[in-house]
Amino acid sequence: MDYRRANRTYLYMTFATIGLVLVISLWYLVGGPALSILMNNVFSELVVLIPALAAVLYSGEKLSTLIPLHKIKLSSALLIPVYVIALFPLVSLVNYISMLFVENTVTSIADQLLGMPMWIMILSIGILGPFVEEIVFRGVILQSYQRTGRIIGSIILSSLMFGMIHMNFNQFGYGTVMGIMLALLVEATGSVLASFIAHAFFNTLEVVMMYANKDVLEDASTIAESYLEGMSDFWVDAIYIAYLLVMAVIFTTIALFIVKKIAKIEQRLEFYTNLKHSRRQGFKLITLPLVIAMMISVVYMVYTIRLV
């Protein structure tokens, strides 16, 4: 499948995602019972997965060609959780900066999430979501783009699409960052299985922390406020962002060393050589359907924005 078809497929995903929102809104308008978080998640993943699989099947290609899921070495798999943990400061930094302008989307539905059994949320958010999203974005989209030889452009653009499909500015920010780091992991191993393990570990860890540490986090927040009492919000934000920035620089550097180590284990160090010498322009991957999809997404996100 070429990049043009991949871009058209993303446009269909965008229409399907917004269409789902409209259908659910209409369902509530006519008095339908509230859908559970689990059902919402399932429907949200299906409207992304179905257009992608349909596009691959229509193209006549084998799924295994665009969704490389071959095995990785055990030592690589063991390094992946360490890689993910090293990315938390970077994700936290981007998330915190976004919360200066918009509401944290996950926090806004925390009560609904905590109202469900933890194992269901792990299955939905920790397993199902990462499985679908890795197949689509690090599989179908990224692999289609990579055929052009535009390595850097493929990674950045597919990650922007991954962030944007969440349809809110908060998740767009850290989703894009995570998309880039997951794409690097795919390139280091040659397998979407690696990015799925990383994505599943990240989401599952966040779910477990949400359930296990609710009271702890509240206590920590109270303690932090007591230390920073008297400071203006500006200085509190500035100090915390500076702290996260330092931690992000240190631990993201560690993460990059880890992913390079994984590439060495998987005998794919040539990826880094190709990356350094990649001069083909990524903007040439952009087509009209992709521009339309992104414009629709931005308009939708602006329309539904919740200002802090």
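Residues: numbered from 1 along the sequence shown. The shown structure was predicted, so the numbers you read here are calculated from the model rather than taken from an experiment.
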Could you check if a side-chain atom of [X] sits within less than 4.5 angstrom of a side-chain atom of [Y], using non-hydrogen atoms only?
X	Y	answer
E133	I165	no
M118	V207	yes
I72	I80	yes
L142	V192	no
M164	V298	yes
P130	F196	yes
Q143	R138	no
Y10	L290	yes

Passes side chain to side chain contact (heavy atoms under 4.5 Å, CB included), M121 versus I37? Steps please.
-> CA-CA 9 Å; M121 288 297 95; I37 288 290; 3.9 Å; yes
Give the minimum heavy-atom separation between [X] and [Y], together with the two atoms involved.
X	Y	answer
P33	W27	O-NE1, 2.8 Å
G126	N203	CA-CB, 3.9 Å
T253	V249	OG1-O, 2.6 Å
H70	S191	O-OG, 2.7 Å
V259	L184	CG2-O, 3.8 Å
S92	L244	O-CD1, 3.8 Å

Counting only heavy atoms from other residues, nucleotides and ligands, does the tally under 6.0 Å from [atom1] of [X] exceed 12?
X	atom1	answer
F201	CZ	yes
K264	NZ	no
Y28	OH	yes

Would you say [X] and [Y] are hydrophobically clustered, going by side-chain heavy atoms of ILVMFWY under 4.5 Å?
X	Y	value
L185	F131	yes
L87	I262	yes
W119	I127	yes
I50	M167	no
M13	V299	no

Not counting sequence neighbours, which residues clear ring-ring contact (aromatic ring centres under 6.0 Å, His included) with [X]? List them please.
X	result
F88	F202
Y83	none
F257	none

Taking the six-membered ring for Trp, are F169 and F101 ring centroids under 6.0 Å apart?
-> no
To the nearest 0.5 angstrom, please state how far the [atom1] atom of [X] sits from the [atom2] atom of [Y].
X	Y	atom1	atom2	result
D237	I97	CG	CD1	10.5 Å
E45	T17	CD	OG1	9.5 Å
I197	E134	CD1	CD	10.5 Å
I85	F251	CD1	CZ	10.0 Å
L69	L63	CG	CG	9.5 Å
S297	H166	OG	NE2	12.0 Å

Would you find a donor on one side and an acceptor on the other, under 3.5 Å apart, between the side chain of S154 and the backbone of R150?
->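 Yes, S154 side chain to R150 backbone: donor-acceptor pair under 3.5 Å.
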Between N95 (side chain) and Q171 (backbone), is there a donor-acceptor pair under 3.5 Å?
-> no
Could you give me the CA-CA distance, side-chain angles and deciding distance for I141 and Y3, then say whether side chain to side chain contact (heavy atoms under 4.5 Å, CB included) is met?
-> CA-CA 8 Å; I141 302 294; Y3 71 95; over 6 Å; no
Among L182, V186, I180, the one residue meeting side-chain contact (heavy atoms from CB on, under 4.5 Å) with I155 =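 Only one option passes, and that is I180.
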Side chain to side chain contact (heavy atoms under 4.5 Å, CB included) between M294 and M161, intermediate numbers included = CA-CA 8 Å; M294 289 189 165; M161 294 160 72; 3.9 Å; yes
Any luck finding a side-chain donor-acceptor pair between E266 and T189 under 3.5 Å?
->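 The answer is no; no qualifying pair exists.
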Between Y145 and D2, do the side chains contain an N or O donor and an N or O acceptor separated by less than 3.5 Å?
-> no
Give the intermediate values and the outcome of side chain to side chain contact (heavy atoms under 4.5 Å, CB included) for residues V291 and N7.
-> CA-CA 9 Å; V291 173; N7 288 346; over 6 Å; no
